[in-house]
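The sequence lines fix the lettering, A, B, ..., with proteins before strands; numbering per chain opens at 1. Keep in mind that what you see is a predicted model, and the values were worked out from it rather than measured.
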There are 2 protein chains.
Amino acid sequence: MIRRIPQARERGIPDATVARLPLYLRALNGLAERGTATVSSEDLALAAGVNSAKLRKDLSHLGSYGTRGVGYDVQYLIYQISRELGLTQDWAVAIVGVGNLGRALANYGGFVSRGFRVAGLLDADPAVVGDHIAGLTVEHSDGLEAVIRKRGVSIVVIATPATAAQQVCDRVIAAGVTSILNFAPVVLTVPDGVDVRKVDLSIELQILAFHEQRKVTGGPMMAEDWAGEAG
Amino acid sequence: MIRRIPQARERGIPDATVARLPLYLRALNGLAERGTATVSSEDLALAAGVNSAKLRKDLSHLGSYGTRGVGYDVQYLIYQISRELGLTQDWAVAIVGVGNLGRALANYGGFVSRGFRVAGLLDADPAVVGDHIAGLTVEHSDGLEAVIRKRGVSIVVIATPATAAQQVCDRVIAAGVTSILNFAPVVLTVPDGVDVRKVDLSIELQILAFHEQRKVTGGPMMAEDWAGEAG
DNA sequence: GTGCCTTTGTGAAGCCATGCACAAAGTCGA
DNA sequence: TCGACTTTGTGCATGGCTTCACAAAGGCAC
Ligand SMILES: NC(=O)c1ccc[n+]([C@@H]2O[C@H](COP(=O)([O-])OP(=O)(O)OC[C@H]3O[C@@H](n4cnc5c(N)ncnc54)[C@H](O)[C@@H]3O)[C@@H](O)[C@H]2O)c1
Ligand SMILES: NC(=O)c1ccc[n+]([C@@H]2O[C@H](COP(=O)([O-])OP(=O)(O)OC[C@H]3O[C@@H](n4cnc5c(N)ncnc54)[C@H](O)[C@@H]3O)[C@@H](O)[C@H]2O)c1
């Protein structure tokens with residue numbers, strides 16, 4: 001469940017816009033690497049895979065950073081979006097649950113390059129505790145609260161089995177964390193002010209299957225034949 | 001974008017509804033495991049973390065499967081949603097790119113339990129080819145098209161580096177695949193009729209960082225109105 | 001400076017999703 | 001059988017998001 005953050009309206013940036021800013025940032029970084037100095041909304045929209053009017057409206061929420069007749073300065077826009085997203089500062093992230101998925105995340109370099117620093121790996125399994133992964137040592141989740149407080153962890157990634165997720169969630173919130181990324185297939189219950197985002201790969205596959213089924217058969221199998229089966 | 005022709009029949013289920021059906025299904029399975037026979041929209045909505053009116057409207061798109069005064073039959077609703085999502089049939093999935101993430105996905109049991117069968121693991125690295133993971137042998141991605149055709153793969157998961165993603169995408173589409181789940185941080189260009197869903201963990205973290213920053217400082221660092229807020 | 005050309009920023013319209021509120025429909029006990 | 005009670009299914013209002021279309025703004029050539 002994703003709770004709405006009332007504060008997001010303080011500067012009036014719609015949630016839909018915030019969700020696209022990282023997309024623009026990625027496209028801009030690609031342009032910067034190729035040495036592009038300025039880019040029009042049309043070209044940037046193409047690179048980001050969105051409508052150009054939508055892109056302009058999104059960017060207008062941050063300020064008037066474009067030049068009419070020219071476009072946007074790539075470097076300047078990268079900075080402005082990064083600042084708006086809070087990527088100009090360093091975020092300490094802890095990963096709880098170092099199984100298949102937790103290891104993949106720990107080894108992933110794409111986080112660090114975006115200002116996210118993995119500051120702790122925690123697991124409840126003694127067989128896993130002590131493992132060295134990506135330069136870190138897995139610690140026992142008994143020390144979860146201590147790790148969060150001592151290392152200034154502000155974002156926690158939950159990659160435990162579903163049965164442990166709510167318990168872990170409660171503990172990290174009690175320790176002061178208000179931003180959680182949840183991979184466990186369970187609806188987390190959290191108090192107001194805590195932001196939970198979820199990633200459920202199984203749901204994505206199911207959505208694909210829905211559309212795939214429609215392409216092949218035009219709908220659920222034998223839809224009409226089943227109409228009278230209820231009751 | 002895919003344009004749908006509205007039929008006289010209620011075959012047009014809104015995307016927002018489709019995206020929630022797996023959520024309901026998960027909640028229903030939890031209820032079924034605990035032996036619950038019927039459930040009201042209120043209770044099911046609570047378990048799924050949505051508004052009850054929204055849940056009823058979503059379910060109404062599938063048909064009138066509830067009983068007024070009683071609620072919904074758990075087993076029957078599980079079947080109806082599964083059928084609508086196409087989970088009553090078996091989907092063969094191939095994972096391309098067997099690195100950190102690809103391995104985690106291959107080892108994950110949550111796919112198989114929902115009707116998705118991993119039918120192939122493919123990688124371009126000879127050092128990886130031949131590895132045994134979750135009962136499968138990693139094959140060379142040269143044989144991508146053959147694997148897709150021979151094993152009836154209809155959904156492909158791309159877990160390669162970003163630089164290889166578009167190329168892999170083009171190949172699987174040429175081989176007839178029209179459903180792709182992409183983990184690489186790039187915008188894939190595909191022809192009409194091909195569905196691409198993306199999962200970008202980095203984007204999720206950036207969205208969390210945006211909200212986290214607002215909680216802590218009230219906005220981006222060095223905001224123009226910073227001085228005026230003192231006092 | 002002047003005029004032309006490109007591109008931004010945004011008003012306005014349309015679309016879709018959400019959630020309230022309630023009549024209709026069905027259950028259940030007497 | 002009947003009436004009280006519960007819960008569904010949905011009409012409708014509200015609000016947010018998307019897209020179009022264009023005036024205003026700025027660069028550039030001369
Ligand atoms: N692997 C995938 O591709 C994938 C895909 C979708 C969803 N998921 C979900 O992500 C989660 C993790 O998946 P996985 O494949 O890594 O599972 P896993 O079993 O390999 O790893 C889970 C880890 O969490 C640890 N753990 C258990 N309870 C804990 C606790 N209370 N505190 C700290 N650590 C604890 C376990 O010791 C284990 O190391 C699961 O909820 C799974 O459903 C995984
Ligand atoms: N690991 C994570 O947690 C994570 C998180 C977010 C995004 N991603 C993205 O997911 C993708 C995979 O991440 P990873 O950590 O597993 O990377 P990885 O480097 O560990 O694995 C990539 C694999 O793809 C293979 N490969 C390369 N080119 C190929 C080709 N043309 N055909 C087939 N296979 C090919 C490589 O041999 C390698 O085994 C990347 O795009 C990454 O940005 C990963």
- Message: As a quick check of understanding, evaluate side chain to side chain contact (heavy atoms under 4.5 Å, CB included) for B:Leu208 and A:Val196, giving each step before the final call.
- Response: CA-CA 8 Å; B:Leu208 282 177; A:Val196 177; over 6 Å; no

- Message: Classify A:Ser64 by what it touches in the nucleic acid, base, sugar-phosphate, or nothing, heavy-atom distance under 4.0 Å.
- Response: sugar-phosphate

Who pairs with [X] by side-chain contact (heavy atoms from CB on, under 4.5 Å), at least two apart in sequence or on another chain?
X: A:Ser52; result: A:Ser41, A:Glu42, A:Ala45, A:Arg56
X: A:Ala47; result: A:Ala27
X: B:Tyr108; result: A:Pro185, B:Phe111
X: A:Val96; result: A:Leu122, A:Leu144, A:Val156, A:Thr160, A:Val168

Measure the distance from [atom1] on [X] to [atom2] on [N] and round it to the nearest whole Å.
X: A:His61; N: D:dT18; atom1: NE2; atom2: C1'; result: 12 Å
X: B:Tyr65; N: D:dG9; atom1: OH; atom2: P; result: 11 Å
X: B:Leu59; N: D:dT7; atom1: CG; atom2: C1'; result: 13 Å
X: B:Asp15; N: C:dT18; atom1: CG; atom2: P; result: 11 Å
X: B:Leu62; N: D:dG9; atom1: CG; atom2: C1'; result: 13 Å
X: A:Asp58; N: D:dC17; atom1: CG; atom2: P; result: 10 Å
X: A:Lys54; N: C:dT10; atom1: NZ; atom2: P; result: 18 Å
X: A:Arg20; N: D:dG16; atom1: CZ; atom2: C1'; result: 12 Å

- Sequence neighbours left out, what pairs pass side chain to side chain donor-acceptor pair (under 3.5 Å) with at least one residue falling in residues 162-173 of chain B? B:Glu145-B:Arg171, B:Gln166-B:Asp170

- By side chain to side chain donor-acceptor pair (under 3.5 Å), B:Ser40 pairs with (sequence neighbours left out) none

Can you give me every donor-acceptor pair (side chain of residues 66-77 of chain A, partner residue at least two apart or in another chain, under 3.5 Å) with its distance?
{"residue": "A:Asp73", "atom": "OD1", "partner": "A:Gln75", "partner atom": "N", "Å": "3.2"}
{"residue": "A:Asp73", "atom": "OD1", "partner": "A:Tyr76", "partner atom": "N", "Å": "2.9"}
{"residue": "A:Tyr76", "atom": "OH", "partner": "A:Gln80", "partner atom": "NE2", "Å": "3.0"}

- Note on the structure: Across all chains, not counting sequence neighbours, the salt bridge (charged side-chain N to carboxylate O under 4.0 Å, His left out) partners of B:Arg197 are A:Glu204

- Query: Residues in salt bridge (charged side-chain N to carboxylate O under 4.0 Å, His left out) with A:Arg20, at least two apart?
  - Reply: A:Asp58

- Message: Check this one for me: any side-chain N or O of B:Asn51 less than 4.0 Å away from OP1 or OP2 of C:dA17?
- Response: no

- Below 4.0 angstrom from OP1 or OP2 of D:dG9, is there any side-chain N or O of B:Tyr72? yes

- Message: Is it the case that the side chains of B:Ser179 and A:Glu212 hold a donor-acceptor pair, with the cut-off being a distance below 3.5 Å and no angle test?
- Response: yes

- Residues in contact with DNA chain C, drawn from residues 28-44 of chain A - heavy-atom cutoff 4.0 Å: A:Ser40, A:Ser41

- Task: Could you encode protein contacts along nucleotides 21-30 of chain C as a string, one character per nucleotide from 5' to 3', using B for base contact, S for sugar-phosphate-only contact and - for no contact, with a heavy-atom cut-off of under 4.0 Å?
- Result: B--BBSS---

Just the atom pairs and distances: protein N or O near nucleotides 11-15 of chain C's N or O, under 3.5 Å.
{"residue": "C:dG11", "atom": "O6", "partner": "A:Lys57", "partner atom": "NZ", "Å": "3.2"}
{"residue": "C:dA12", "atom": "N6", "partner": "A:Lys57", "partner atom": "NZ", "Å": "3.0"}

